[in-house]
Asks: 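My structure is below; once you've seen it, I'll send some questions.
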Amino acid sequence: MHAAELTPAVLAELRRPRRYPAVSVLLPTHRSEPDNTQDPVRLRNLVAEAKNRLHADEAVSRADRLDVVEQLDRALTEVDLVHAEDGLVIFAAPGEHQVWSLPRPVPSRVVLSETFLTRNLVSAYTAGAPYWVLTVAADRVALFSGSGPHLAEHTGAAFPLDQVPPDWDVERKERIGDVPSTFRDEETRRFLRSADTALAAVLEADNRPLYVLGEAAAISLLDEVGTAAKRATAQVSHGGLGHAAAAAVAEAVRSTVAEQGSKAVTELHERLDQAQGVKGLAAGIDEVWQTVAEGRAAVVAVEEDYWQPVRVTDNHLVPAAAGEPDVREDMVDEIVERALDTGAKVQFVPTGELDARGHIAAVLRY
């Protein structure tokens, strides 16, 4: 399996044109029994289909065919279905191959083209866009790096910060009951001010969505003494996380992160409606293809599983059956690649969200 992290630079390298044939094999995989028992069979069948298409394609030279078949065989030896996630992607072209395991489902497909089918990797990267989670308590402030459902504690840039609690006189409390509140104590204020300064430095170097979790009083004081935490995408009142492990923090923030995903879809629909109102919207694969080719798209929205084979006729896209001569099976992927190359934002939405707009739409720059 490929060990590299999906980054914009990696995706850009994967999008660059290859010498034909660039083969993409996509397989939906399963994490547990009994569903995963047939994954090896399905994988062998898809790779066999890819090899058969290579042998049948007269545009592929014998040398390139032998090379790519060997690359596919080498890729198979690197596949680890025992630790499979939700999708598997194999890329093979003359002189190279890659294997990617994705935490998102992919359709079962085999595509021969001049580029790899990267749309599902882009979708996985978008869904797994990194974010920060800050847990706040009177004696500890910790920072976690998140991507999708995965969370890991960030150590460095002063994190985690720990404070020894003040040595208050318990006997005095029993006599007159005037032990100061934890979140009114000056030492705690200084401690959280230091945490806010450290957080500001992290956000300056790596600005991501931020989620702040802690007791309401702790979050309120952090807002009062600093500025960085006020930039949070969401603040969640949740006690008991001061010394929590990453798994507990991930569970505590999971629903809030999911809510932000739903909110992003709602905001996208609002933006599409606004664009339509000022005639700044392209809808359907043909219109979007033309505007993206002209570099006019600012945002491209596409349904996760949308796939449409087309034939280019008189500079327009006409739906066609897969496998027919001159049919381009990966046009949606080409649109996504071109949009990214021209600086557009690509946003994937659940299947059915764009039914009324032909499953794909674009907000225009001009």
Side-chain angles (χ1 to χ4, degrees), residues 1-2 4 6-8 10-29 42-43 45-54 57 59-60 64 68-69 71-72 75-76 78-79 85-128 285 288-289 292 300 302-312 317 319-324 326-341 344 346-348 351 359-360:
M1 298 289 192
H2 210 280
L6 278 177
T7 65
V10 169
L11 291 170
E13 164 60 21
L14 289 172
R15 288 198 305 273
R16 70 172 176 81
R18 263 72 179 177
R19 185 168 84 248
Y20 187 85
V23 179
S24 301
V25 177
L26 281 66
L27 172 72
T29 52
R42 286 190 283 262
L43 176 58
N45 289 342
L46 284 175
V47 172
E49 178 187 340
K51 291 179 179 179
N52 289 337
R53 291 180 60 176
L54 286 169
D57 193 333
V60 180
D64 283 345
V68 176
V69 167
Q71 298 295 336
L72 287 169
L76 276 179
E78 299 173 13
V79 173
E85 297 180 275
D86 301 311
L88 178 71
V89 178
I90 294 176
F91 296 138
E96 64 175 318
H97 69 275
Q98 295 189 28
V99 179
W100 292 88
S101 177
L102 302 180
R104 295 174 66 80
V106 301
S108 180
R109 294 184 63 189
V110 173
V111 174
L112 276 64
S113 183
E114 294 179 347
T115 59
F116 292 139
L117 197 65
T118 60
R119 186 235 302 224
N120 296 96
L121 274 71
V122 175
S123 175
Y125 171 76
T126 303
I285 193 168
V288 174
W289 173 65
V292 166
V300 174
V302 58
E303 291 182 358
E304 290 275 4
D305 298 327
Y306 178 48
W307 173 60
Q308 178 61 65
V310 298
R311 182 180 286 109
V312 180
L317 301 185
E324 292 184 356
D326 300 323
V327 167
R328 294 162 74 167
E329 298 183 17
D330 57 347
M331 182 52 71
V332 176
D333 197 68
E334 290 184 31
I335 290 172
V336 169
E337 293 175 353
R338 178 61 179 164
L340 292 170
D341 288 340
V346 177
Q347 186 168 343
F348 293 89
T351 299
H359 311 292
I360 186 170

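Worth saying up front: this structure is predicted, and the values here are computed from it rather than measured.
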Asks: Does the pair L43 and L76 meet the rule for a side chain to side chain contact (heavy atoms under 4.5 Å, CB included), with working shown?
Replies: CA-CA 9 Å; L43 176 58; L76 276 179; 3.7 Å; yes

Asks: Answer whether the closest heavy-atom distance between the side chains of L11 and L121 falls below 4.5 Å.
Replies: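 Yes - at least one pair of side-chain heavy atoms lies under 4.5 Å apart.
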
Asks: So do L112 and L54 actually touch side chain to side chain, heavy atoms under 4.5 Å?
Replies: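 Touching, per the 4.5 Å side-chain cut-off.
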
Asks: Can a donor-acceptor pair be found, under 3.5 Å and without considering hydrogens, that links the side chain of R19 to the backbone of D64?
Replies: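 Not at all, since once roles are kept as given, no pair shorter than 3.5 Å links the two residues.
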
Asks: Can you name the nearest heavy-atom pair linking V310 to M331, along with the distance?
Replies: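 Looking at all heavy atoms of both residues, the closest pair is CG2-CB, 3.7 Å.
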
Asks: Between V327 and A320, which heavy-atom pair has the shortest distance, and what is it?
Replies: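 Nearest heavy atoms, V327 then A320: CG2-CB, 3.7 Å.
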
Asks: Step by step, work out the side chain to side chain donor-acceptor pair (under 3.5 Å) result for E337 and T118.
Replies: CA-CA 8 Å; E337 293 175 353; T118 60; 3.2 Å; yes

Asks: Between E85 and P103, which heavy-atom pair has the shortest distance, and what is it?
Replies: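 Shortest heavy-atom contact: OE2-CB, 3.6 Å.
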
Asks: Any side-chain heavy atom of L46 sitting closer than 4.5 Å to one from E49?
Replies: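 The answer is yes; the side chains approach within 4.5 Å.
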
Asks: Just by distance, do the side chain of R18 and the backbone of R16 share a donor-acceptor pair under 3.5 Å?
Replies: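 Yes: the side chain of R18 pairs with the backbone of R16.
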
Asks: Within the 4.5 Å heavy-atom criterion, are Q98 and F116 side-chain neighbours or not?
Replies: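 They are not in side-chain contact.
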
Asks: Return yes if some donor-acceptor pair links the side-chain N/O of S101 with the main-chain N/O of L88 below 3.5 Å, else return no.
Replies: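 Not a single qualifying donor-acceptor pair exists.
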
Asks: Indicate yes or no: at least one non-hydrogen side-chain atom of V336 is less than 4.5 angstrom from one of V300.
Replies: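 Heavy-atom side-chain distance check fails, nothing below 4.5 Å.
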
Asks: Step by step, would you call W289 with I360 a side chain to side chain contact (heavy atoms under 4.5 Å, CB included)?
Replies: CA-CA 10 Å; W289 173 65; I360 186 170; over 6 Å; no

Asks: Any side-chain heavy atom of L14 sitting closer than 4.5 Å to one from W100?
Replies: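 Yes - at least one pair of side-chain heavy atoms lies under 4.5 Å apart.
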
Asks: With distance as the sole test, does S123 use its side chain to make a donor-acceptor pair with the main-chain N or O of R119 at under 3.5 Å?
Replies: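 Looks like no, no N/O pair under 3.5 Å.
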
Asks: Where do I335 and V292 come nearest, in terms of heavy atoms and distance?
Replies: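 Taking every non-hydrogen atom into account, O-CG1, 3.8 Å.
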
Asks: Show the numbers, then the answer: is there a side chain to side chain contact (heavy atoms under 4.5 Å, CB included) between V10 and Y125?
Replies: CA-CA 11 Å; V10 169; Y125 171 76; over 6 Å; no

Asks: Hey, are the side chains of L26 and P107 touching, using non-hydrogen atoms and a 4.5 Å cut-off?
Replies: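 Sidechains of P107 and L26: in contact.
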
Asks: Return the CZ to CG distance between R338 and D333, rounded to the nearest 0.5 Å.
Replies: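 Taking CZ in R338 and CG in D333, the distance rounds to 14.5 Å.
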
Asks: Strictly distance-based, threshold 3.5 Å: is any side-chain N or O of T351 a donor or acceptor partner for the main-chain N or O of E303?
Replies: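 The answer is no, because no donor-acceptor pair under 3.5 Å joins these two groups.
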
Asks: Locate the shortest heavy-atom distance separating A339 from V346; write the atom from each residue and the value.
Replies: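 That would be CB-CG2, 4.0 Å.
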
Asks: Please tell me whether H359 and Q308 have a donor and an acceptor in their side chains that are separated by less than 3.5 angstrom.
Replies: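 Side-chain D/A pair, H359 to Q308: absent.
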
Asks: Are side-chain heavy atoms of D57 and P21 found at a separation under 4.5 Å?
Replies: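 Answer no - side chains too far apart.
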
Asks: Name all residues meeting the salt bridge (Lys or Arg N to Asp or Glu O under 4.0 Å) criterion together with D341; count only those two or more places apart in sequence or in a different chain, and write none if there are none.
Replies: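 Per chain and number, D341 pairs via salt bridge (Lys or Arg N to Asp or Glu O under 4.0 Å) with R15.
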
Asks: Could you pull out the closest heavy-atom pair between T29 and G87, with the gap in Å?
Replies: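 Nearest heavy atoms, T29 then G87: OG1-N, 3.1 Å.
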
Asks: Applying salt bridge (Lys or Arg N to Asp or Glu O under 4.0 Å), can you list everything that pairs with R104, at least two apart in sequence or on another chain?
Replies: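 By the salt bridge (Lys or Arg N to Asp or Glu O under 4.0 Å) rule, R104 matches E304.
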
Asks: Please assess V89 against L102 for the test side chain to side chain contact (heavy atoms under 4.5 Å, CB included), listing each intermediate value before the final yes or no.
Replies: CA-CA 8 Å; V89 178; L102 302 180; 3.8 Å; yes

